[in-house]
Amino acid sequence: MAAVQWRSRGRNYEAELQKFRPEPFLVEFGEYHPLKPIMVTDTKTRRGARKGSTSSSSSSSSVPTDPLSSMLDGTDPLSMFAAASASEAPRMQHSTSAGDLGRRKRDKEEDPLGPDFEPWSSKRGEILARFTTTEKLSILTEAPVVTKGKAPSPGSAVSEKVRTRLEELDDLEEGSQRELLNLSQQDYANRIEELNQSLKEAWAADQKVKALKIVIQCAKLLSDTSVIQFYPSKFVLITDILDTFGRLVYERIWTMCSDPRPLPDGFTVDDVNDTAKETCLNWFFKIASIRELLPRLYVEAAILKCNRFLSKTGIQEILPRLTAMIRGIGDPLVAAYARAYLCRVGMEVAPQLKDNLNRNFFDLLGTFRQISGENVQNQLVLQRVEVPEYLTLYSPAINWILQCIAYRAPESLLTEMMERCKTLGNNALLLNSVMRAFRPEFVAARATDFIAMIKDCDEAGFPKHLLFGSLGRSLACADPPESERLTILNEAWKVVTKVRSPQDYINCAEIWVEFTCRHFTKREVNTILADIIKHMTPDRAFEDAYPQLQSAIRKILLYFHNFSVLFSIERFLPFLDMFQKDSVRVEVCRSITDVFLKNQVEPTRDPVILNAMLHICKTMHDSVNALTLEDEKRSLALLIIGFIRMVSFGRDFEQQLSFCVEARATFCNLEPVLVQLIHTVNQLAMETRKVMKGNHSRKTAAFVRACAAYSFITIPSLSNIFSRLNLYLLSGQVALANQCLSQADAFLKAAVSILPEVPRSISVEGKFRSSENFLLDFINNFLATLLVVPDHPEHGVLYLVRGLLNMVQDYTWEDNSDAKVRVYTSALPLLAAMSQETYLYSIPKMDSNETLYGGDPKFLSEINKLCETLIGQILDHLKALSKDEQSIRRQGALAFSLFGVVLAHGDLRNNKLSQLSVNLWNLSHKHGYCETRMSVRTLECIKHQAQQHDMTHLTDVVQRLALQSRT
């Protein structure tokens with residue numbers, strides 16, 4: 001290729017801008033306007049008109065069709081589907097039978113359970129976690145005991161098959177017994193799960209007798225109270241197996257009724273076939289033959305829902321019978337849970353039958369006198385269980401029964417229950433369950449009455465702090481009368497503060513924290529917090545109460561969104577000091593900061609908030625160590641950054657800078673926070689410039705230099721090389737905008753000096769990627785900044801540009817990389833822009849090279865020589881790219897890129913430069929790898945430029961390029 005003589009073409013940027021602006025034109029009123037709404041009119045067939053004749057109130061035909069409105073004629077898929085559904089509706093209604101309508105009506109009348117009813121499944125986890133034991137447990141595995149002989153049968157209802165199955169059950173009585181001893185609680189639970197799995201496997205293998213044997217065996221375990229503290233959890237585990245059995249039996253009979261058509265949800269006895277009825281009856285006969293009361297009762301209750309297949313009123317008749325059977329159970333605890341299970345099953349299958357629930361509850365009240373009897377007392381002495389602990393074992397059963405009774409019950413029922421409690425001498429266990437079962441609104445309205453009843457309860461039987469805890473839960477959900485609130489709090493706290501056990505105390509106190517925050521001011525909250533600190537600090541009792549203390553913090557944050565008020569609570573920060581376990585302390589600080597960021601809308605300078613939040617954020621920061629995960633660091637950094645962004649001292653910029661200095665020392669281990677602080681200080685400098693309108697005084701000039709010094713000192717502490725590069729460049733741009741030339745020069749020189757430190761690969765989202773593209777983006781941004789940077793008087797012409805290009809030259813690029821040549825190509829437009837008399841952009845009140853040199857020939861000569869050197873380097877690289885197909889493809893792309901630069905910025909009146917452009921075009925098209933569409937558009941652009949009066953010299957270039965294209 002010919003030797004290069006670079007000359008930049010002269011540019012008049014303002015004239016070019018005006019030339020390419022679109023010409024405005026006035027739209028007359030009434031003509032079509034692109035923003036004018038489109039009027040779409042419907043066309044309907046006239047009544048009585050002949051087919052094909054239409055009447056239309058038409059709009060102008062010149063209005064273009066609206067693609068959204070054009071489908072309003074019903075041809076879109078959704079309209080067609082709706083029309084089809086509408087046409088089928090009459091047929092569906094016509095085909096609906098009277099029986100279906102009757103079933104729908106009955107289903108509507110049954111009033112099923114709604115989403116406001118808390119299901120049993122939500123209570124399982126709490127019961128299993130609460131009622132635990134360290135005692136050794138045992139499981140007695142034996143064959144179920146059944147009566148010999150024929151099963152009871154009304155007439156001929158029992159087939160031969162039924163008798164055969166009953167004989168199989170009868171034979172199981174002769175099986176061996178095996179007792180598993182010394183089981184831990186976990187081993188016991190695992191054994192119960194194994195039995196549950198064995199039940200499913202036996203059922204799947206069509207071994208129905210074996211499945212029934214497993215269920216009977218499990219139900220008999222509920223009569224064992226040898227480890228009484230574990231009984232509620234045992235009840236939960238075993239009733240899971242009973243539920244599984246009941247579901248399997250029901251699904252089997254349902255399947256038998258679904259052949260050939262599925263059985264509807266609201267089916268009646270008339271829809272059930274004889275085979276299904278016989279099978280269902282067979283199951284009830286099998287269960288009726290179980291000799292022992294407790295397994296017979298539980299197993300029949302488990303399949304209670306199957307009565308729907310036999311009788312319309314079967315469930316209504318069986319529930320009272322099963323309720324009466326429970327009266328034969330001697331142990332009051334076992335009887336209470338049997339009633340709870342019957343009520344649970346009853347609510348699932350017939351929630352409208354309230355009478356049975358009441359009967360079970362009244363029977364339960366009648367068994368309370370057994371608790372003080374000799375049998376129960378001897379059992380408690382034998383197992384070393386205190387009466388208050390024993391009474392708490394009844395809570396899940398009583399709570400469930402009362403929940404079923406209180407579901408959608410009128411307020412008058414609560415009054416009746418309170419009277420019954422008084423009749424029983426204010427039984428604390430019952431009173432506690434009543435407060436937890438009924439709607440909080442009802443309880444809150446009678447809070448004073450409940451407090452009076454709690455006072456009359458016997459402290460020995462059921463601790464009063466538990467009663468106040470239940471009352472507090474209701475008052476946290478509903479508001480008592482305003483005039484009674486202070487009295488309620490005082491009465492409750494008199495009892496709570498006297499609780500000696502720290503664990504019992506904090507369990508109750510954290511409940512009443514919400515009531516206090518909900519209705520009172522910071523003075524009362526401060527009193528509560530001081531009392532909690534007083535009780536929980538001795539012997540470091542707070543270490544065992546972190547969940548309750550965290551709950552108290554969450555409740556405070558729920559109601560105190562004004563952090564100026566929150567942090568002015570004297571005992572709040574000492575309360576936080578009780579969280580001395582690192583993970584818990586950090587979690588609490590995170591929750592406080594998160595709530596602060598959500599609710600603090602306006603920036604703040606309140607010293608109370610700043611000091612407290614700095615303390616909280618410092619706690620999060622100091623938790624970071626070498627073992628902290630990156631995600632955890634990132635999460636903590638985002639919270640601290642959010643706090644920093646909310647700090648504003650208004651026009652007091654010096655105070656803002658002082659805060660950033662303090663924050664830098666406080667959060668030095670979190671790099672994203674330091675990056676944010678640098679951005680904050682740079683923004684501070686630009687706000688100063690905005691206030692002064694670019695005319696700095698002596699004081700503000702010193703201040704912006706101090707901001708630059710802050711950034712210059714902080715940036716080297718960052719480990720991420722690209723963070724340092726970008727911040728050096730950004731800070732340099734801010735310094736230039738504020739006429740701090742020496743500081744800007746230092747920033748840009750520092751950026752150039754660390755370019756060799758850029759690694760060839762960096763980690764991005766856990767994966768290593770080449771850093772080449774990131775580095776090229778930075779260099780292009782850097783080059784754009786250098787246009788407005790004046791040369792230093794002591795370092796010669798274009799010293800920063802030369803320094804950058806030298807670094808690029810010496811940098812170790814990847815093998816077979818074109819990055820260096822791409823940088824050289826990007827530098828040519830910068831040098832061409834520097835040679836113009838007026839630059840494309842400049843910084844107000846700061847002289848660039850256009851003013852310093854004023855188009856001096858020596859300056860232009862230096863620019864041209866540098867351009868020729870760069871082009872020579874690029875051409876040498878292009879010559880080397882001719883080894884293989886991939887290299888040739890890269891050669892064509894680079895040649896086309898350089899052609900575009902020469903065309904846009906070179907003076908093609910120079911013959912050698914013109915020839916260079918043609919040669920580059922030929923090289924880019926030589927092997928056919930250049931994109932045809934791009935080539936055509938480029939050629940059209942050159943033809944358009946050649947028509948301008950000052951660009952006629954491009955005509956010759958166009959002809960030569962077109963000739964080459966045809967060739």
Side-chain angles (χ1 to χ4, degrees), residues 8 11 13 678 681-682 685-686 688-689 694-696 701 704-705 707-709 711-712 715 722 724-756 758 775-809 811 823-856 858-867 869-870 905:
S8 300
R11 305 285 295 274
Y13 296 113
I678 295 170
V681 171
N682 284 333
M686 295 304 294
T688 305
R689 177 182 181 274
N695 299 313
H696 283 297
V704 295
R705 286 196 293 270
C707 291
S711 300
F712 194 77
I715 292 173
F722 282 102
R724 277 186 282 159
L725 284 171
N726 290 321
L727 287 173
Y728 271 134
L729 178 58
L730 179 62
S731 300
Q733 293 168 345
V734 172
L736 285 171
N738 286 280
Q739 300 107 47
C740 300
L741 295 181
S742 59
Q743 286 77 10
D745 189 69
F747 280 119
L748 299 178
K749 285 172 63 177
V752 173
S753 66
I754 65 172
L755 280 178
V758 177
L775 183 56
L776 288 176
D777 289 341
F778 168 76
I779 291 176
N780 288 331
N781 193 358
F782 194 91
L783 288 171
T785 304
L786 291 182
L787 177 63
V788 296
V789 178
D791 283 337
H792 196 284
E794 298 179 1
H795 294 88
V797 178
L798 303 176
Y799 83 102
L800 275 176
V801 177
R802 295 180 187 274
L804 175 64
L805 295 175
N806 289 335
M807 285 295 180
V808 171
Q809 176 70 26
Y811 183 77
V823 172
Y824 291 162
T825 305
S826 299
L828 291 174
L830 167 67
L831 295 172
M834 284 183 168
S835 65
Q836 305 300 318
E837 293 182 2
T838 303
Y839 284 180
L840 178 60
Y841 48 84
S842 60
I843 296 178
K845 302 185 184 303
M846 197 195 74
D847 294 333
S848 301
N849 285 339
E850 61 175 337
T851 305
L852 295 181
Y853 294 108
D856 184 81
K858 292 183 179 180
F859 176 64
L860 298 180
S861 176
E862 289 292 332
I863 291 177
N864 292 337
K865 288 180 181 179
L866 185 55
C867 290
T869 302
L870 294 177
H905 302 282

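Just so it is clear, the model here is predicted, and its values are computed rather than measured.
- The backbone N or O of Leu852 sits nowhere less than 3.5 Å from a side-chain atom of Asp847 that would complete a donor-acceptor pair.
- Arg11 contributes no side-chain N or O that, together with a main-chain N or O of Gln836, makes up a donor-acceptor pair within less than 3.5 Å.
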**Item:** Residues Val801, Met834; criterion side chain to side chain contact (heavy atoms under 4.5 Å, CB included); working and verdict
**Value:** CA-CA 11 Å; Val801 177; Met834 284 183 168; 3.9 Å; yes
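- For the pair Leu870 and Ala827, the tightest heavy-atom approach, listed with the atom from each and the gap, is CD1-CB, 3.9 Å.
- Taking the six-membered ring where the residue is Trp, Tyr853 and Phe859 present parallel rings, their angle staying beneath 30° rather than reaching 60°.
- Proximity of Leu831 to Ser8: side-chain heavy atoms (C-beta onward) are nowhere separated by under 4.5 Å.
- For Arg705, the salt bridge (charged side-chain N to carboxylate O under 4.0 Å, His left out) test picks out no residue, with sequence neighbours left out.
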Would you give me the side-chain donor-acceptor pairs under 3.5 Å for residues 782-790, sequence neighbours excluded?
from: Thr785; atom 1: OG1; to: Gln733; atom 2: NE2; distance (Å): 2.8
from: Thr785; atom 1: OG1; to: Asn781; atom 2: O; distance (Å): 3.1

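- A heavy-atom distance below 4.5 Å is found between the side chains of Leu804 and Leu755.
- For the pair Leu725 and Ala751, the tightest heavy-atom approach, listed with the atom from each and the gap, is CD2-O, 3.4 Å.
- The shortest side-chain heavy-atom distance between Asn682 and Cys707 does not fall under the 4.5 Å cut-off.
- Scanning all heavy atoms of the two residues, the minimum distance from Ser753 to Ala750 falls at OG-O, 2.7 Å.
- Judged by distance alone, with hydrogens and angles left aside, the side-chain atoms of Arg802 form a donor-acceptor pair with the main-chain N or O of Val797 at under 3.5 Å.
- When side chains are defined from C-beta on, Val758 does not count as touching Phe778, because their heavy atoms never get closer than 4.5 Å.
- You'll find the side chain of Val734 stays beyond 4.5 Å of the side chain of Val681, heavy atoms only.
- Taking every heavy atom of both residues into account, Tyr839 and Asn849 meet most closely at OH-CB, 3.4 Å.
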**Request:** Quick one: do Lys845 and Gln739 satisfy side chain to side chain contact (heavy atoms under 4.5 Å, CB included)? Show the steps, please.
**Result:** CA-CA 7 Å; Lys845 302 185 184 303; Gln739 300 107 47; 4.0 Å; yes
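- When side chains are defined from C-beta on, Met846 counts as touching Leu736, because their heavy atoms get closer than 4.5 Å.
- Residues Tyr728 and Phe712 form a side-chain contact, since some pair of their non-hydrogen atoms from C-beta on lies under 4.5 Å apart.
- Under the 3.5 Å distance criterion, the side-chain polar atoms of Thr869 are matched with a main-chain donor or acceptor of Lys865.
- Within the 4.5 Å cutoff, no side-chain heavy atoms of Phe747 are placed close to those of Leu727.
- Closest approach of Ala685 and Val704 over heavy atoms only: O-CG1, 4.1 Å.
- Judged purely by atom type and a 3.5 angstrom limit, Asp856 uses its side chain to pair as donor or acceptor with the backbone of Lys858.
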